Participant: 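Quick one: structure below, then a few questions.
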Amino acid sequence: MSITHLHDADSARTAATEFRNVFDAVANEVGRMIVGQREVVDGVLTALMAGGHVLLEGVPGLGKTMLVSSISQAVDLPFSRIQFTPDMMPADIVGTNVLTEREGGGHELAFQQGPVVANLVLADEINRATPKTQAALLEVMQEKQVTVGRRTIAMPDPFCVMATQNPVDQEGTYPLPEAQLDRFLFKLVVGYPTEQDYHAIIERTTSGSQVQLSAVTDAVTLRRMRAIVRQVPVPETARTCAIRLVMGTQPNSPYATAQVNANVALGASPRGIQGLMLAAKVLALRSGRFAVADEDIRAVAVPVLRHRIVTKFQAQANGITADDLVADVMAGLH
């Protein structure tokens, strides 16, 4: 199917159906390994299909690493895991020139690329590395390329960074600055499993049987899905809803609520509106529609905006979260 023109109803409907089939196939295959956490799985796949990056926040042991590894198997893409530590340097991520011996004698400088050169990159405990090292990764996320000396390496396509951080143990960590958090399309909170999920976890992880995942799609298909996402139209009403929602997080804007004015120091940036549009387009396609609706915007608002809002100290002292403020803005929109 050509993705150059999807303006007629039949081709648009076919594109939406293909997208939903691919998305569901990957999610179901990953679900054979990951117990529960369907919202998190859908969120990570949404970021992958939209061409964005995702930040996963949760305590250790909830399967975040296994999730990314399972997705790489289901989509048949190379996967790289980087364990961030305080002593890690930027060269440990992007690569460096190393001195090697020639076969005939003597030495020469050879470039050894870093683990960031992969389709799917898991940045484990990203807040444990120093700001200098964090910046090296986040630059690659934005530019989709890495420059070492005079050498420039383009990241493979598709490219997606999935970073994790522990929200509890903050000793010896370096929280990501707001400008760098803004690079992530989603911030997803990974919660504890349900009682029923624990039964399945015991069965899958402590018995003799092992789950073997199969590739249900590939890089070529993912690139086509990303192209389809970009062509989903956004009606004026949905666009207006998204704009007012983002402006509503900005203190003293025409759409800011009293709660926002009192508790927010910095609201969402223009990247927030871009994130809303892309995520809502994916959700529309997953629903079998080739047009974004207001409910799509509202459904993705919290994971897209929660990490782009900086609250004041009094909000933190009163237990008012960014999630609460996004909900408050949505409640005030008509």
Side-chain angles (χ1 to χ4, degrees), residues 39 43-44 46-47 50-57 126-127 131 134-135 137-139 141-142 161 163 165 167 170 173-190 234-284 292-334:
E39 286 188 10
V44 174
T46 296
H53 309 290
V54 62
L55 178 63
L56 300 167
E57 184 175 274
I126 189 174
N127 55 336
Q134 292 174 0
L137 175 67
L138 291 159
E139 181 182 4
M141 291 166 55
Q142 181 67 22
V161 172
Q165 64 179 16
Q170 295 300 319
T173 62
Y174 304 86
L176 292 173
E178 290 73 27
Q180 296 180 345
L181 280 172
D182 210 22
R183 306 283 175 91
F184 291 97
L185 174 69
F186 275 164
K187 178 183 176 182
L188 303 174
V189 177
V190 185
V234 184
E236 186 69 28
T237 55
R239 189 183 296 118
T240 300
C241 175
I243 292 171
R244 291 181 178 179
L245 177 53
V246 169
M247 291 183 65
T249 67
Q250 301 163 357
N252 302 315
S253 77
Y255 304 104
T257 64
Q259 281 272 53
V260 168
N261 288 332
N263 295 291
V264 175
L266 290 173
S269 73
R271 278 203 188 103
I273 195 72
Q274 294 169 348
L276 281 177
M277 287 293 97
L278 289 171
K281 288 182 176 188
V282 173
L283 187 56
V292 173
D294 287 14
E295 57 263 30
D296 298 322
I297 303 291
R298 293 174 178 271
V300 300
V302 171
V304 169
L305 298 177
R306 60 162 52 118
H307 55 296
R308 307 177 196 272
I309 297 174
V310 181
T311 56
K312 297 178 180 178
F313 174 76
Q314 68 183 53
Q316 301 168 29
N318 294 328
I320 299 174
T321 66
D323 291 21
D324 298 328
L325 294 166
V326 173
D328 185 59
V329 173
M330 283 195 290
L333 292 180
H334 301 293

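It should be emphasised that the depicted structure is a prediction, and the values quoted were computed from it without experimental measurement. Only heavy atoms go into these numbers, but all of them, side chains included; no hydrogens, no water, no symmetry mates.
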Participant: For the residue pair Q314 and N263, what are the closest heavy atoms and their distance?
Facilitator: NE2-OD1, 3.7 Å
Participant: Nearest 0.5 Å, what's the NE2-CD1 distance between H307 and I309?
Facilitator: 10.0 Å
Participant: Evaluate the criterion side-chain contact (heavy atoms from CB on, under 4.5 Å) for residue pair L188 and V44; output intermediate values, then yes/no.
Facilitator: CA-CA 8 Å; L188 303 174; V44 174; 3.9 Å; yes
Participant: If you round to the nearest 0.5 Å, how far is CZ of R308 from CG of L181?
Facilitator: 9.0 Å
Participant: Are the side chains of Q274 and M277 in contact, using a 4.5 Å heavy-atom criterion?
Facilitator: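 Result no, sub-4.5 Å side-chain heavy-atom pair not found.
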Participant: Grab the two heavy atoms, one from G267 and one from P251, that are nearest each other, plus how far apart they are.
Facilitator: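 Looking at all heavy atoms of both residues, the shortest contact is N-CD, 4.1 Å.
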Participant: Would you say that L55 contacts Q165 through its side chain, given a criterion of any heavy-atom pair below 4.5 Å between the two side chains?
Facilitator: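 Yes - at least one pair of side-chain heavy atoms lies under 4.5 Å apart.
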Participant: Might you point out which heavy atoms bring V300 and F186 nearest each other, and give the distance in Å?
Facilitator: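 Smallest heavy-atom distance, with atoms named: O-CE2, 4.4 Å.
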Participant: If the threshold is 4.0 Å, N to carboxylate O, is there a salt bridge linking R239 and E236?
Facilitator: yes
Participant: When you compare the side chain of I243 with that of T240, does any pair of heavy atoms fall below 4.5 Å?
Facilitator: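 A side-chain contact is absent here, since even the closest heavy-atom pair is not under 4.5 Å.
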Participant: Once you round to the nearest 0.5 Å, how far does CZ of R183 lie from CE of M141?
Facilitator: 7.5 Å
Participant: Is R298 reaching over with its side chain to a backbone N or O of M330, donor-acceptor style, under 3.5 angstrom?
Facilitator: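 It does hold such a pair.
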Participant: Are any of the side-chain heavy atoms of R306 and V189 separated by less than 4.5 Å?
Facilitator: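 Answer yes - side chains close enough.
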Participant: So, R244 side chain and Y255 main chain: donor-acceptor pair closer than 3.5 Å or not?
Facilitator: no
Participant: Would you check if L283 and T46 make a side-chain contact, meaning some heavy-atom pair closer than 4.5 Å?
Facilitator: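 No, too far: nothing below the 4.5 Å cut-off.
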Participant: Is there side-chain contact between L325 and L305, with heavy atoms separated by less than 4.5 Å?
Facilitator: no
Participant: Looking at CD1 of I126 and CD of Q180, how far apart are the two atoms once the value is rounded to the nearest 0.5 Å?
Facilitator: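 CD of Q180 is found 8.0 Å from CD1 of I126.
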Participant: Can you confirm whether more than 12 heavy atoms, excluding those of Q142, are under 6.0 Å from its CD atom?
Facilitator: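 Atom CD in Q142 is crowded, with more than 12 foreign heavy atoms closer than 6.0 Å.
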Participant: Looking only at atom types and distance, does a side-chain atom of N261 sit under 3.5 Å from a main-chain N or O of N252, one as donor and one as acceptor?
Facilitator: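 Yes, because the side chain of N261 sits within donor-acceptor range (under 3.5 Å) of the backbone of N252.
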Participant: Which value, rounded to the nearest 0.5 Å, describes the distance between L266 atom CG and D182 atom CG?
Facilitator: 10.5 Å
Participant: Contact between V54 and L185 at the side-chain level, heavy atoms closer than 4.5 Å - yes or no?
Facilitator: no
Participant: Can you tell me how far the SG atom of C241 sits from the CD1 atom of I297, to the nearest 0.5 Å?
Facilitator: 6.0 Å
Participant: For L176 and Q134, which heavy atoms make the closest approach, and how far apart are they?
Facilitator: CD2-OE1, 3.2 Å
Participant: Check whether T249 reaches the backbone of A268 with its side chain - one donor and one acceptor, N or O, closer than 3.5 Å.
Facilitator: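 Yes: the side chain of T249 pairs with the backbone of A268.
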Participant: Nearest heavy-atom pair of V292 and A238: which atoms, and what distance?
Facilitator: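 Looking at all heavy atoms of both residues, the shortest contact is O-CB, 3.7 Å.
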Participant: Quick check: closest heavy atoms across V304 and G272, and the distance to 0.1 Å?
Facilitator: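 In this case the closest contact between V304 and G272 is CG1-O, 3.7 Å.
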